[in-house]
Amino acid sequence: MAQATQYRLLSPPPRPPARNPHPMPTLDWLNRAHAFTTAAQVPYRLLESVSTHGEPASAQDNLLIQGDNLEALKALLPFYRGQVKCIFIDPPYNTKSAFEHYDDNLEHSQWLSMMLPRLQLLRDLLSDDGSIWVTIDDNEGHYLKVLMDEVFGRRNFVANVFWEKKFSPQNDAYQISINHDHVLVYAKRSDNWRPNLLPRSEKQAKNFKNPDNDPRGPWLSADYTCAKTKDERPNLYYAIQNPFTGQDVWPSTTRVWAFERASTEFNLQQGLLYWGANGKNERPRLKKFPDAVQQGTVPTTFWRNDEVGNNQDAKKEILTFDAVAPFATPKPERLIERVLTLATHPNDLVLDSFLGSGTTAAVAHKMGRRWVGIEMGDHAATHCLPRLQKVLDGEQGGISQAVNWQGGGGFRFMRLGAPIFDADGCIHPEVRFATLAAFVWQQETGTAFDPARATPGTPHLGTHAVFESYERFPDGGLEPVSSETLPPAPQTPPAQGELGLQAAGPAASGVTAPPEPVPAPPPVLRSRTAYYLLFNGILGDKRPASGNVLTSAVLDALLALHARTPHPEAPLVVYGEACRLGEARLALARVTFKHIPYDVKAR
C-alpha cells in the first residue's frame with residue numbers, strides 16, 4: 001500500500017505582537033483594500049482538456065492553459081500548491097497601452113490592483129525552496145518592488161538584476177536612453193534558497209594557464225594577501241621564505257597574508273605558491289587548479305546582452321514562428337535559460353502566468369523542465385500553441401543548439417471550464433472524484449493533493465500530520481518553524497582565507513569560523529488526521545441514497561479500510577452527501593462528518 005501520510009509543521013499560536021513604532025512602509029492606492037480580497041473571491045474552475053500534443057506520457061507534465069490568468073492560477077491551487085520550483089513572469093509594463101482609456105492615476109491603481117492578487121496566488125503555488133523572477137521597467141519597477149516586499153516578505157528579496165536589453169544608445173530618446181530592464185528576484189524562503197552556479201564560460205576557462213609547466217596541468221593564480229592590517233591580524237603577519245632566492249618575504253603592514261603560517265607551510269610543500277617566471281616576484285600568488293575551484297561562477301546582478309540576449313534577438317526568434325503578427329514584447333530564449341539555469345534542475349516545475357509568445361514554456365521544455373504556461377484569449381491558440389508544437393518537432397532557433405535540442409516530449413492544451421460550484425454552492429455535474437478530492441484536501445491541509453499518497457480506488461485521500469517544531473540557532477535561541485518540511489541543517493563552510501579563497505591546508509586560525517550548528521530538537525506530533533471522500537460512487541454503489549451517504553454499512557467499510565492504512569490510530573474526517581448516523585456512533589468511531597457541498601469552500 002502506498003505511504004499515505006503527509007506532514008506539516010506548525011508553530012504554536014504566536015504571542016500578540018508588540019506594537020511596532022516603526023511599521024514597514026506600504027503602498028496605498030485606489031481600491032487597495034478590495035485588491036487584497038480579490039484572490040479569495042475568485043471561484044475555482046474546472047480545467048478542460050482540449051488536445052494533447054506529442055508523446056501522451058510526457059504531455060501529462062506540461063500544460064498550456066488558455067484563459068484569464070487569475071482564474072487559472074486559482075484553478076491550479078488544489079493540484080500545484082507549494083509545488084512550483086521557479087516562476088518567471090513578464091507582466092504588462094503599464095506604459096499607457098494596457099489601460100489606455102484611463103488617466104495616469106487610475107491606470108497606475110488598476111495596474112497595482114491587477115498585480116496584487118496574482119502575486120498572492122503565485123506565492124501560494126511556489127515551493128519552499130522556490131523563487132520568482134519578474135521582469136519590469138522603470139515605469140512600475142519600484143512600485144512593484146514595494147508591492148512584492150509586502151506579498152513575499154522583504155527579507156525574502158534576493159536581488160534586482162539589470163538586464164541589458166539594448167546594446168546601443170537610442171538616439172531618439174527624449175532624455176536618457178533606457179538600455180535596461182529590471183528582473184526582481186524573490187525566494188519563497190530566503191533561508192532555504194540558493195541559486196545554482198553558472199557554467200564557466202570559454203573566456204573564463206582560458207584564464208587557466210600553465211606558465212611553469214606544472215605536471216598537474218593548467219591553473220589560475222589568486223592574490224595571497226588580504227585587506228587586513230598587521231594590527232588587525234597579527235598572526236597573518238610573518239615571513240615566507242622564497243624557495244628560489246632564500247630570502248624572507250614579508251607582507252605589507254597594511255595588507256597581510258590571506259592564510260596563517262600552518263596553511264602556508266602546507267601550500268609550500270604542495271608547490272601551490274607561484275613566484276613568477278624567474279622565481280623573483282616580490283610576493284607569491286596562490287595556484288588554484290580546476291578541481292580546487294568551485295565548478296561554476298556566482299551570478300551577478302548585471303546581465304550583459306552578449307550573454308543573455310537582447311530585444312532584437314528576441315524579435316528575430318519570434319519572426320521564425322510568426323512573421324505576420326509577431327508578439328510585440330518577447331524576451332530572448334537565452335534570458336529565460338539564464339533564469340532556469342540558476343533557479344531549477346531537470347524535471348523541476350516552471351510556471352509562467354503571462355506566457356505571451358510562449359518563450360518560457362519553450363525554453364523550459366528544451367531544458368528538460370516540466371512547465372505550466374497561461375495565456376488569455378485567442379493568443380494562446382494562435383501564437384503559443386504553434387510555437388510549442390514546433391519545439392516538439394525539434395526547431396533549432398533560440399537555445400536549441402546550445403542545449404542540443406532534438407525535439408520530443410509533449411504537452412496538453414487546456415481551457416478554463418465552468419466553476420466547480422454554481423451560484424447556490426452546488427457542485428458542477430462534470431466534477432469527478434479526483435477533482436473534488438483535490439479541493440477537499442487543499443481546504444483541510446493547505447497543501448496540494450497527491451494521488452500517490454491516497455489508497456487507489458477507495459475514499460481514502462491520505463493521512464495528514466501536523467508537527468510542532470523549532471529551529472535552534474547557534475546562540476541557543478529558538479524560533480518556530482512553519483513549513484511543509486524541516487529547514488535544512490546549517491552547513492559550516494570550509495575554512496576560508498580572508499578573500500574567501502578556500503584554504504589548501506589547515507584552517508586559518510586568524511579567520512573567525514562560523515559557529516557550529518546546534519541540532520534542532522525533534523519535531524513533536526501535534527495531530528494526525530485521515531481524510532475520506534464519499535463522492536461519485538467511489539465505493540461502487542452509485543445510488544444516491546447509498547454510496548455517497550455515510551450509513552452504518554458504509555462506516556463499517558471505511559473503518560475496515562482505515563485499519564489497513566499506515567496510521568489506523570488517526571481520527572477520520574469523512575465528506576459525504578448525507579449522514580444517517582447519530583453523534584454518539586460517530587464519536588465512538590472517532591469520525592467527524594462534513595457535508596457536501598455545504599462544507600466545501602466554493603472560493
Side-chain angles (χ1 to χ4, degrees), residues 194-302 304 307 474 490-517:
R194 293 292 182 274
N196 301 318
L197 297 175
L198 292 173
R200 192 175 290 119
S201 67
E202 292 184 9
K203 181 179 179 182
Q204 292 166 333
K206 290 180 180 178
N207 292 330
F208 287 85
K209 300 179 180 179
N210 195 1
D212 61 348
N213 295 316
D214 193 307
R216 291 169 291 188
W219 48 270
L220 56 79
S221 69
D223 191 351
Y224 206 72
T225 64
C226 69
K228 298 294 180 181
T229 68
K230 173 185 175 182
D231 293 334
E232 291 174 313
R233 291 289 189 269
N235 62 313
L236 301 180
Y237 185 76
Y238 55 88
I240 300 176
Q241 187 181 66
N242 185 328
F244 297 96
T245 65
Q247 295 180 341
D248 286 343
V249 177
W250 292 82
S252 166
T253 57
T254 59
R255 192 174 179 87
V256 295
W257 301 127
F259 302 103
E260 55 92 46
R261 192 185 299 270
S263 296
T264 295
E265 291 175 355
F266 178 86
N267 292 336
L268 283 167
Q269 294 172 4
Q270 298 297 314
L272 295 177
L273 294 191
Y274 180 63
W275 297 87
N278 58 6
K280 296 182 180 181
N281 278 9
E282 183 180 359
R283 291 186 176 86
R285 292 181 67 83
L286 179 67
K287 296 169 72 171
K288 296 173 69 69
F289 293 90
D291 59 356
V293 180
Q294 62 184 7
Q295 298 304 303
T297 60
V298 176
T300 70
T301 55
F302 182 70
R304 295 171 53 92
E307 296 174 351
Q491 300 293 317
T492 302
Q496 305 253 320
E498 292 290 343
L499 285 178
L501 302 174
Q502 185 172 337
S509 60
V511 180
T512 303
E516 290 292 331

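Keep in mind that this is a model prediction, so the values were computed, not measured.
- A distance below 6.0 Å separates the ring centres of Phe259 and Tyr224.
- Of the possible donor and acceptor atoms, none in the side chain of Gln241 sits under 3.5 Å from a partner among the backbone N and O of Pro243.
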Full working for side-chain contact (heavy atoms from CB on, under 4.5 Å) between Leu197 and Thr297: CA-CA 5 Å; Leu197 297 175; Thr297 60; over 6 Å; no

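- Between Leu286 and Asn267 there is a side-chain heavy-atom pair separated by less than 4.5 Å.
- Considering only residues two or more places apart in sequence or on other chains, Asp212 meets the salt bridge (Lys or Arg N to Asp or Glu O under 4.0 Å) condition with Lys287.
- Of all heavy-atom pairs spanning Phe289 and Gly217, the tightest one is CE2-O, 3.3 Å.
- Interatomic distance, Asn207 CG to Leu220 CG, rounded to the nearest 0.5 Å: 6.5 Å.
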Test log, rule side-chain contact (heavy atoms from CB on, under 4.5 Å), inputs Asp248 and Ile240: CA-CA 5 Å; Asp248 286 343; Ile240 300 176; over 6 Å; no

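- Remark: the backbone N or O of Leu268 is not paired with any side-chain donor or acceptor of Glu265 at under 3.5 angstrom.
- For Arg285, the side chain to side chain donor-acceptor pair (under 3.5 Å) criterion is met by Ser221, not counting sequence neighbours.
- Considering only residues two or more places apart in sequence or on other chains, Thr254 meets the side chain to side chain donor-acceptor pair (under 3.5 Å) condition with Ser252.
- Remark: Glu307 pairs with Arg338 by the salt bridge (Lys or Arg N to Asp or Glu O under 4.0 Å) rule, at least two apart or across chains.
- Shown here for Ala239 and Trp250, the closest heavy-atom pair between the two residues is CB-CE2, 3.4 Å.
- Under the 3.5 Å distance criterion, the side-chain polar atoms of Trp257 are matched with a main-chain donor or acceptor of Tyr238.
- Heavy atoms of other residues, nucleotides or ligands lying less than 6.0 angstrom from CZ of Arg216 number more than 12.
- Judged as a side chain to side chain contact (heavy atoms under 4.5 Å, CB included), and not counting sequence neighbours, Asn213 has no contacts.
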side-chain contact (heavy atoms from CB on, under 4.5 Å) assessment of Lys228 paired with Leu236: CA-CA 9 Å; Lys228 298 294 180 181; Leu236 301 180; 5.6 Å; no

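- Thr229 meets the side chain to side chain contact (heavy atoms under 4.5 Å, CB included) test with Asp231, Glu232; sequence neighbours excluded.
- Remark: Arg194 engages no residue in a salt bridge (Lys or Arg N to Asp or Glu O under 4.0 Å) (not counting sequence neighbours).
- Annotation for Pro218 and Pro290: closest pair O-CD, 3.4 Å, computed over non-hydrogen atoms.
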List the atom pairs, with distances to 0.1 Å, where a side-chain N or O of residues 272-282 and a protein N or O form a donor-acceptor pair under 3.5 Å, not counting sequence neighbours.
{"residue": "Tyr274", "atom": "OH", "partner": "Ala277", "partner atom": "N", "Å": "3.2"}
{"residue": "Asn278", "atom": "OD1", "partner": "Lys280", "partner atom": "N", "Å": "3.0"}

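- One N or O on the side chain of Asn210 and one on the backbone of Asp214 form a donor-acceptor pair closer than 3.5 Å.
- A salt bridge links Arg255 with Asp223: the closest approach of a Lys/Arg side-chain nitrogen to an acidic carboxylate oxygen falls below 4.0 angstrom.
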